[in-house]
*Asks:* 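Before I ask anything, let me first share the structure, which is written out below as structure tokens.
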Amino acid sequence: QVQLVESGGGLVQAGGSLRLSCAASGRTFSTRAMGWFRQAPGKEREFVAGISWSADSKYYAGSVKGRFTVSRDNAKNTVYLQMNSLKPEDTAVYYCAAGSASRITQNYDYWGQGTQVTVSS
């Protein structure tokens with residue numbers, strides 16, 4: 001069993017930065033791939049970034065590649081999403097998830113409650 005709690009969301013101007021954190025509880029965190037997803041109003045949840053359990057593999061959606069960086073600290077049971085050069089279209093609720101390394105929501109077993117990111121123009 002893994003429980004996930006996101007933090008770090010907020011309101012930022014376009015071009016600004018935020019760092020999201022996802023704290024996990026449970027013994028299996030370090031053996032699971034982690035993903036970040038987001039959902040804007042009226043849209044489906046979409047993949048943002050993922051990282052393997054060992055952090056040797058990281059992958060991103062094309063819309064955020066070069067601007068966002070995913071990382072993890074297994075000693076702290078935490079995964080991060082550093083978001084730079086934010087755009088208004090990045091506005092969404094951001095979720096972290098634990099599961100198999102994938103860009104597909106169905107391959108993730110555990111989800112956090114989400115944290116709101118709002119980027120003003």
*Asks:* Which is it for Tyr94 and Gln116 under the side-chain contact (heavy atoms from CB on, under 4.5 Å) test, yes or no, and what are the steps along the way?
*Replies:* CA-CA 6 Å; Tyr94 282 71; Gln116 177 70 47; over 6 Å; no
*Asks:* Before you tell me yes or no, could you show the steps for Ser17 and Asn84 under side-chain hydrogen bond (donor to acceptor under 3.5 Å, both in side chains), namely the whole-Å CA-CA distance, both residues' side-chain angles and the distance that decides it to 0.1 Å?
*Replies:* CA-CA 4 Å; Ser17 298; Asn84 299 329; 2.9 Å; yes
*Asks:* Mind checking whether Leu81 and Val12 sit in one hydrophobic cluster, side chains of I, L, V, M, F, W, Y counted as touching below 4.5 Å?
*Replies:* yes
*Asks:* So how far is it from Ser120 OG to Leu86 CG, rounded to the nearest 0.5 Å?
*Replies:*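 So the gap between those two atoms works out to 10.0 Å.
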*Asks:* Any side-chain heavy atom of Lys43 within less than 4.5 Å of one from Arg38?
*Replies:*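 Heavy-atom side-chain distance check fails, nothing below 4.5 Å.
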*Asks:* Ignoring hydrogens, what is the shortest heavy-atom contact between Val70 and Ala49? Give both atom names and the distance.
*Replies:* CB-CB, 4.1 Å
*Asks:* Taking Asp90 for its side chain and Lys87 for its backbone only, find out whether a donor-acceptor pair lies under 3.5 Å.
*Replies:*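 At least one qualifying donor-acceptor pair exists.
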*Asks:* Distance only, no hydrogens: is a donor on one side chain within 3.5 Å (strictly under) of an acceptor on the other, for Ser30 and Asn74?
*Replies:*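 No donor-acceptor contact under 3.5 Å links the two side chains.
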*Asks:* Go through the steps for Met34 and Cys22 under the test side-chain contact (heavy atoms from CB on, under 4.5 Å), then give the verdict.
*Replies:* CA-CA 10 Å; Met34 298 295 295; Cys22 174; 4.3 Å; yes
*Asks:* Please answer: with hydrophobic residues joined when any side-chain heavy atoms are less than 4.5 Å apart, are Trp53 and Leu4 in the same cluster?
*Replies:* no
*Asks:* Between the main-chain N or O of Lys76 and the side-chain N or O of Thr78, is there a donor-acceptor pair closer than 3.5 Å?
*Replies:* yes
*Asks:* Same cluster or not: Phe29 versus Tyr110, using hydrophobic residues (I, L, V, M, F, W, Y) connected whenever any side-chain heavy atoms lie under 4.5 Å apart?
*Replies:*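 In one cluster with Phe29: Tyr110, yes.
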*Asks:* So, is the end of the Arg19 side chain (NZ or CZ) under 6.0 Å from the ring centre of Tyr80 and within 45° of the ring's axis?
*Replies:*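 Yes, Arg19 sits over the ring of Tyr80.
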*Asks:* Check step by step if side-chain contact (heavy atoms from CB on, under 4.5 Å) holds for Thr91 and Val117.
*Replies:* CA-CA 5 Å; Thr91 295; Val117 171; 5.9 Å; no
*Asks:* Considering only heavy atoms from C-beta outward, does the side chain of Thr115 approach that of Leu20 to under 4.5 Å?
*Replies:*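 With C-beta onward as the side chain, the pair touches.
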*Asks:* Is the closest side-chain heavy-atom distance between Tyr95 and Glu6 below 4.5 Å?
*Replies:*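 Tyr95 reaches Glu6 side chain to side chain.
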*Asks:* Does Thr118 use its side chain to pair, donor to acceptor, with the backbone of Leu11 at less than 3.5 Å?
*Replies:*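 Checked: no pair found.
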*Asks:* Can you confirm whether Glu44 sits close enough to Thr105 that some side-chain heavy atom of one is under 4.5 Å from a side-chain heavy atom of the other?
*Replies:* no
*Asks:* Can you check whether Ala98's main-chain N or O pairs, donor with acceptor, with Arg32's side chain at less than 3.5 Å?
*Replies:*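 A pair under 3.5 Å: no.
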*Asks:* Is atom NZ of Lys58 surrounded by more than 12 heavy atoms (other residues, nucleotides or ligands) closer than 6.0 Å?
*Replies:* yes
*Asks:* Mind checking whether Phe68 and Trp36 have side chains closer than 4.5 Å, heavy atoms only?
*Replies:* no
*Asks:* Please round to the nearest 0.5 Å and tell me the distance separating atom OG of Ser100 and atom CD of Gln106.
*Replies:*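 Reported to 0.5 Å precision, the distance equals 12.0 Å.
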*Asks:* Are Tyr60 and Phe47 near enough that their ring centres are under 6.0 Å apart?
*Replies:*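 Judged by ring-centre distance (under 6.0 Å), Tyr60 and Phe47 do not meet the cut-off.
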*Asks:* Go through the steps to decide whether Trp111 and Phe37 satisfy the test ring pair (Phe, Tyr, Trp, His ring centres under 6.0 Å), and finish with yes or no.
*Replies:* CA-CA 10 Å; Trp111 292 82; Phe37 292 77; 5.0 Å; yes
*Asks:* If you count every heavy atom of other residues, nucleotides or ligands that lies below 6.0 Å from Glu89 atom CD, does the total exceed 12?
*Replies:* yes
